[in-house]
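The sequence lines fix the lettering, A, B, ..., with proteins before strands; numbering per chain opens at 1.
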Number of protein chains: 4
Amino acid sequence: MPQIGALLRKLIADGQVSDPASPRGKLLAAAAKLFRQNGYAATTVRDLGAEVGILSGSLFHHFKSKEEILFGVMSEVVVAMEAALRAALSEAHEPRAAVRALIATELAFIHGKTSNATAVLLYEWRALNSSRQAQILTGREAYFAMWQQTLKAAQQAGLVAVEPEYLRQLIHGALTWTAVWYKPSGALSLDGLADRCLLMALSERP
Amino acid sequence: MPQIGALLRKLIADGQVSDPASPRGKLLAAAAKLFRQNGYAATTVRDLGAEVGILSGSLFHHFKSKEEILFGVMSEVVVAMEAALRAALSEAHEPRAAVRALIATELAFIHGKTSNATAVLLYEWRALNSSRQAQILTGREAYFAMWQQTLKAAQQAGLVAVEPEYLRQLIHGALTWTAVWYKPSGALSLDGLADRCLLMALSERP
Amino acid sequence: MPQIGALLRKLIADGQVSDPASPRGKLLAAAAKLFRQNGYAATTVRDLGAEVGILSGSLFHHFKSKEEILFGVMSEVVVAMEAALRAALSEAHEPRAAVRALIATELAFIHGKTSNATAVLLYEWRALNSSRQAQILTGREAYFAMWQQTLKAAQQAGLVAVEPEYLRQLIHGALTWTAVWYKPSGALSLDGLADRCLLMALSERP
Amino acid sequence: MPQIGALLRKLIADGQVSDPASPRGKLLAAAAKLFRQNGYAATTVRDLGAEVGILSGSLFHHFKSKEEILFGVMSEVVVAMEAALRAALSEAHEPRAAVRALIATELAFIHGKTSNATAVLLYEWRALNSSRQAQILTGREAYFAMWQQTLKAAQQAGLVAVEPEYLRQLIHGALTWTAVWYKPSGALSLDGLADRCLLMALSERP
DNA sequence: TATGAATGAGGATTCATTCAT
DNA sequence: TATGAATGAATCCTCATTCAT
């Protein structure tokens, strides 16, 4: 599996992602945790404050509104996912490895250190107003373009049977849903899970 | 694709599903629509009342609480899905057809008349308290058992490469996610979508 | 102790008190019970309906409002108390016996068949609007006059040390409060309780 | 009559009773007033807010619920009553004076500065849930024990004719009921009222 | 930057009462 | 006389946000 740790450190150093030691970083981590656990709407700013040890009123020195916190959680994950996928693909030198990179990177985000934020990105979409939704969407374009391109190459190599634009969505759904049922601590390793996904995605006999 | 209409009429006649012409049925339909559109938490009982043309206070003659409305939406879908899958499988006489029945039935619910309620079942899980979650889960056991059994048979027939317990979740995720991106009115028909899903699920060259 | 039963039958025959077999009578009894148990404000018309086996809407064929039910409960008890005290005093031929009649009659109401209604009369005063309060007060004048007159006679006979107007209120309070602590099923009989009250009220050594 | 003022100041300094100048103290005083005047159920949180000059929502920064406000009113009175009775009894060196201390202390609470809170304690019992009722009851045990003990001593001194356990309840009722009819501004002074109560309680000719 | 008291709009829910059937 | 669906105002309470300290 790709190692996200080093990459995150670089992004933090670049200021593209908040330092988890900073007040802002702690707050975003706490928000990701609670938003994932209880949902955005069901999480109060008081809960948020309690999680980081300040009063709710003080949150508004760091963020203008609750929704901006949600936006912060989502947009940092978007940046990190793109960087991670770009790095992973740069090391995949043939179509099969590239498809595996797509899958492994997404799984690393869904189940690794950033799992909370990733789940929030995937499941709290509606809580964002449309202007912020559009911003996030713009931020994800490059990520989706890499998927599209990679799957297209796989198709030309005869690896996949389904049209890339549909296959992308189907795989994406399968991976997203693992957040609901898969436990990294169980019998199946993350690598094993990636293998199964790859097996399903590719039209080759094992 | 399986026809859900006739089946629903039978369930309504049996009293297992609310008559859409009754106050209760209208309310559940309106709730499914709004809960799907805006989310359970963001939908107010006033919205609900306005949608069916009564005042919010009057809702409570039909349901004890807002959460009970959510529960009503979910549990009726659960009943209908099980009945539909059972019917579809009874007409599938070989493994491949049976797997297609799994996929086609789920897609029929996700994109057919019951799409709102189905989406609510899949995406508003957390809004239910744990006791009601357990009830729904119990109601879905038979449905999941049919999936498991069908995929097992397909495995024994050499049709699938991934272990049934994982494959079930992966396909389920892929199908669920179609609610987000697939539009029945677009270029791809529901049957075409089912074909792609089947192609991905099975380890056979097309 | 005075027997209230026969007296009540006479009042019912006269139409001054509702027949407990009639719908109105049943409703008043149920109301007395629930108002006493849970308080007027905390008792809903639904509770009331459930207690007598009809729906809440149907109550309003018998009474114009919830408050009118409360008024009905109170005013019937007022009528009965006056009649009972008048009867009891007519048989008391000397001051000491007359004072005992005051006490025993009030205790009979507080702890006998009419205990619920009596408790409601004493403790739900505030729930009545002022015009109805005045009506009840008028209805009780004769009752209080008998107390006053009896205690005055006892004073002239040297039986009591405290001025009648104060003594009346003090005894009244002591008796009223027995509703809170005294249980007829306990070690002390109602007659025994009356003896203690009399002992306290009179300035004579036992 | 015992002077409650100094005692209250001490309890406030000790933190056992809220400072009437603090938001919490003001709120409790306002609540006592309104609960007494209109009853707990008939007093809305809006009324409460209006009485202290804040909006109803702001109440919930100081108390978790309306019932907790009621509980606050009651429990502070309970604490103060016990302290006051203990102080009064410590200065009563013979049985007759001790019985008078019982009476005078209770009357001081029912008609003095704390009259609202005391009335609420006595008359809004039912509005408390049973767990909080139990807490209050526990808090009153010591108070009732002092009554019992004092009356027992009076009995042994031949001062009272009725058994202490009954006499306690009868006197208690007589005193409680003075809240309904006695006005300190009238012809009878509080001391005079205490004299009458004592006279009634004791089996001695004046 | 943090506090904590206050805001004020809005939340779900309750309930006496009405009325067509 | 009874039903049961609906009303509509009122209830307690929640919560994101503000702001003086």
If you look at every strand shown and take non-hydrogen atoms under 4.0 Å, does A:Thr43 touch a base, only sugar-phosphate, or nothing? sugar-phosphate
Begin from the C-alpha positions of D:Leu128 and D:Tyr40 and carry the test side chain to side chain contact (heavy atoms under 4.5 Å, CB included) through to its verdict. CA-CA 10 Å; D:Leu128 231 42; D:Tyr40 173 78; over 6 Å; no
Under 4.0 angstrom, heavy atoms only, what part of the nucleic acid is A:Leu55 near: base, sugar-phosphate, or nothing? base
Euclidean distance, atom CG of residue C:Leu48 to atom P of E:dA16 [Å, nearest integer]: 9 Å
Scan residues 25-40 of chain B against DNA chain E and write down, sorted by residue number, each residue with any heavy atom closer than 4.0 Å; if none is found, say none. none
Can B:Gln135 and B:Ser75 be counted as having a side-chain donor-acceptor contact under 3.5 angstrom? no
Atom-to-atom span, CZ of D:Phe63 to P of F:dC12 - whole angstrom: 16 Å
Please pick, from F:dG4, E:dC15, F:dC15, the nucleotide with the shortest atom-to-atom distance to any side-chain atom of A:Thr44. F:dC15
Does the plane of the ring in A:Tyr123 sit parallel, tilted or perpendicular to the ring in B:Tyr123? Use 30° and 60° as the thresholds. tilted
Could you tell me whether the side chain of D:Thr114 and the main chain of D:Ala117 form a donor-acceptor pair under 3.5 Å? no
Distance-minimising heavy-atom pair for B:Lys26 and B:Ala21: CE-O, 3.5 Å
Can you measure C:Leu59 atom CG to E:dA16 atom P for me and round it to whole angstrom units? 9 Å
Taking it one step at a time, do B:Leu137 and B:Trp125 satisfy side chain to side chain contact (heavy atoms under 4.5 Å, CB included)? CA-CA 10 Å; B:Leu137 230 40; B:Trp125 188 244; 3.7 Å; yes
Could you work out how much the helix from E:dA2-F:dT21 to E:dT21-F:dA2 bends, comparing the axis of its first five pairs with that of its last five, to 10°? 10°
Under a 4.0 Å threshold between the charged nitrogen and the carboxylate oxygen, would C:Glu124 count as salt-bridged to D:Arg126? yes
Is the shortest side-chain heavy-atom distance between D:Phe63 and D:Leu28 below 4.5 Å? yes
If you draw the axis of the six-membered ring of B:Phe71, does the NZ or CZ of B:Lys64 fall within 45° of it and under 6.0 Å from the ring centre? no
What N/O pairs connect the protein and nucleotides 17-20 of chain E at under 3.5 Å? Give each pair on its own line.
| unit_1 | atom_1 | unit_2 | atom_2 | d |
| --- | --- | --- | --- | --- |
| E:dT17 | OP2 | C:Lys66 | N | 2.8 |

Does B:Lys66, at its NZ atom, have more than 12 non-hydrogen atoms belonging to other residues, nucleotides or ligands within less than 6.0 Å? yes
Could you give the CD1-to-C1' distance, from D:Ile54 to E:dT7, as a whole number of Å? 10 Å
Please state how far atom NE2 in D:His62 lies from atom P in F:dC13, giving the value in whole angstrom units. 15 Å
Return yes if some donor-acceptor pair links the side-chain N/O of A:Glu51 with the main-chain N/O of A:Ala31 below 3.5 Å, else return no. no
